[in-house]
Number of protein chains: 2
Amino acid sequence: MSNAVKLGQDIRALRKARKMTLEKMSQQLGRSVGWLSQIERGLSVPTMEDLREIASLFDVPLSLFFGTTEAPENEQGRVVRAAARRQIGAYDSGLVETLISPDLTDDFEVIHSTFKPGAEIAEITKRPTTEVVYLISGTLDLWIEDEKYTISAGDSFRIRGDSYRWANPYDIPAVALWVISPPVY
Amino acid sequence: MSNAVKLGQDIRALRKARKMTLEKMSQQLGRSVGWLSQIERGLSVPTMEDLREIASLFDVPLSLFFGTTEAPENEQGRVVRAAARRQIGAYDSGLVETLISPDLTDDFEVIHSTFKPGAEIAEITKRPTTEVVYLISGTLDLWIEDEKYTISAGDSFRIRGDSYRWANPYDIPAVALWVISPPVY
DNA sequence: TCTATGAAAAAATGTGGAAAATTTTCATAG
DNA sequence: CTATGAAAATTTTCCACATTTTTTCATAGA
């Protein structure tokens, strides 16, 4: 599968996750629907400038659109090496999120999250999703619907449409695997 | 939510994962459809003997049906502590699988797998699922459609309906988080 | 009295067809 | 050679109806 196709599929997945139509997206970008359709199917390749605008529209780092390229031929779409994970959602500097899934086209997303010491989520989050999180290392404070939990390495939790927030008041990073369905990125 | 309801929901999830109807399941158990319906909704509680037969029918350990009980009230259905994970799929002694998800009722399942040194899967597996796996520690040899990969801690891989098999020829356990959608247990 | 059954009622799921929405194609202007 | 925009194609969304599956509940049996 060509890089253009893979790139297009990721863009399509990002759009779908936001329940946006080609029409709406093309309006926001000031481009035609036909053009976007071609981009998403890899029949045409967007310029760097286009990509920058798409990344901005979806609030993901531009770098998300690269890195697919780098894996060896036979690992493409199957294996993601630890060092080659793509970064997403660079909103919060206290939280680093990288993509475990090879791309965004599945029914769920798996994200590797590192919560730095002292970091705290900016605002209470509530999404129409099911999220299961496994804490690989560190400790994390978590509130689900005002109920507080302290999560230690090896513990896991699930959020199903409830509001939640987190904080890492401890002095080591908390590292988690975060599974979200349906995709939000 | 009462224990009877939770138990019933897990039983229903197991049945659904196998695309079985109440009718078919009740035949296999030699019980009535109405009775099963009541069990699955927690209106009635199966005897230990019933449970044993259900576990056997689904090829899961009887212990899967316990342990939900033990978590503190406010953690039920939300938090699964490392020490309280329930074991599933006890087929292969070289592989220990425990449930990260609080129950089986989600669109996907998250499983904590430990592949013991020297262990190897008995037969090639092929399922109509998407599976994303993250290796927490150790090393694992993996074959997807005859292509071999050596997966190290921090790496991840995805299987989408392809056949695969694995082996741990190394001398330390490989520990992985396995996400499967739709559920198979 | 309590439990499981089986038939009736209710609910959920599947089907086919038509309309609407979305996406793809492609001739053409820039 | 690239992007546009209108036409064509495809996909999605409703319905109405049939079928399947699940739930309810009166009753027989323990």
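Lettering follows sequence order; numbering is per chain, from 1. It should be emphasised that the depicted structure is a prediction, and the values quoted were computed from it without experimental measurement.
- Rounding to whole angstrom units, NZ of residue B/Lys24 and P of D/dT20 are separated by 15 Å.
- Side-chain atoms of B/Tyr134 never come within 3.5 Å of backbone atoms of B/Val179 as a donor-acceptor pair (strictly under, hydrogens ignored).
- Using the Watson-Crick or G-U wobble rule with both distances under 3.5 Å, C/dG30 pairs with D/dC1.
- Residue B/Arg12 has no polar side-chain atom (N or O) positioned under 4.0 Å from OP1 or OP2 of D/dT21.
- Which of D/dT4, D/dT23, C/dT5 sits closest to the side chain of B/Ser32 comes down to C/dT5.
- Checked options A/Trp166, A/Tyr170, A/Tyr149; the residue passing with A/Asp141 is A/Tyr170 (criterion: side chain to side chain donor-acceptor pair (under 3.5 Å)).
- The distance from atom CG of B/Leu29 to atom P of C/dA4 is 13 Å, rounded to the nearest whole Å.
- A salt bridge is defined here as a Lys NZ or Arg NE, NH1 or NH2 lying under 4.0 Å from an Asp or Glu carboxylate O, and B/Glu147 with A/Arg78 fails to meet this definition.
- Rounded to a whole Å, the CD atom of A/Glu49 is 16 Å from the C1' atom of D/dA3.
- Whole-Å rounding puts the B/Ile39 CD1 to D/dT24 P distance at 14 Å.
- Counting only heavy atoms from C-beta on, A/Trp35 has its side chain closest to D/dT4 among D/dT4, D/dT23, C/dT23.
- For the pair A/Gly34 and A/Thr21, both in contact range of DNA chain C, the more 5′-proximal nearest nucleotide belongs to A/Thr21.
- The side chain of B/Arg41 lies closest to D/dT24 when the candidates are C/dA4, D/dT24, D/dT21.
- You'll find that the side chain of B/Leu43 is closest to D/dT24, out of D/dT24, C/dA4, D/dA3.
- Across all strands shown, the partner of C/dA21 is D/dT10, judged by Watson-Crick or G-U wobble contacts whose two distances both fall under 3.5 Å.
- For A/Thr47 and A/Lys16, each mapped to the nucleotide of DNA chain D holding its nearest heavy atom, the one lying further toward the 5' end belongs to A/Thr47.
- Ion pair B/Glu40/B/Arg15 flagged as a salt bridge, since at least one NZ, NE, NH1 or NH2 atom sits closer than 4.0 Å to an Asp/Glu carboxylate oxygen.
- A/Lys19 has its NZ atom 19 Å from the P atom of D/dT11, to the nearest Å.
- Closest contact between the side chain of A/Gln38 and the listed nucleotides D/dT23, C/dT5, C/dC26 involves C/dC26.
- Here the C1' atom of nucleotide D/dT11 and the CD atom of A/Glu23 are 16 Å apart, to the nearest Å.
- In this structure, the nucleotide among D/dT23, C/dA4, D/dT4 sitting nearest to the side chain of B/Ser44 is C/dA4.
- Here the shortest heavy-atom pairing between A/Leu64 and A/Arg86 reads O-NH1, 2.7 Å.
- Distance, B/Arg31 CZ to C/dG6 P: 12 Å, rounded to whole Å.
- Looking at the side chain of A/Leu22, the nearest of the listed nucleotides C/dT23, C/dA4, D/dT4 is C/dT23.
- The CE-C1' distance, from B/Met20 to D/dT22, rounds to 16 Å in whole Å.
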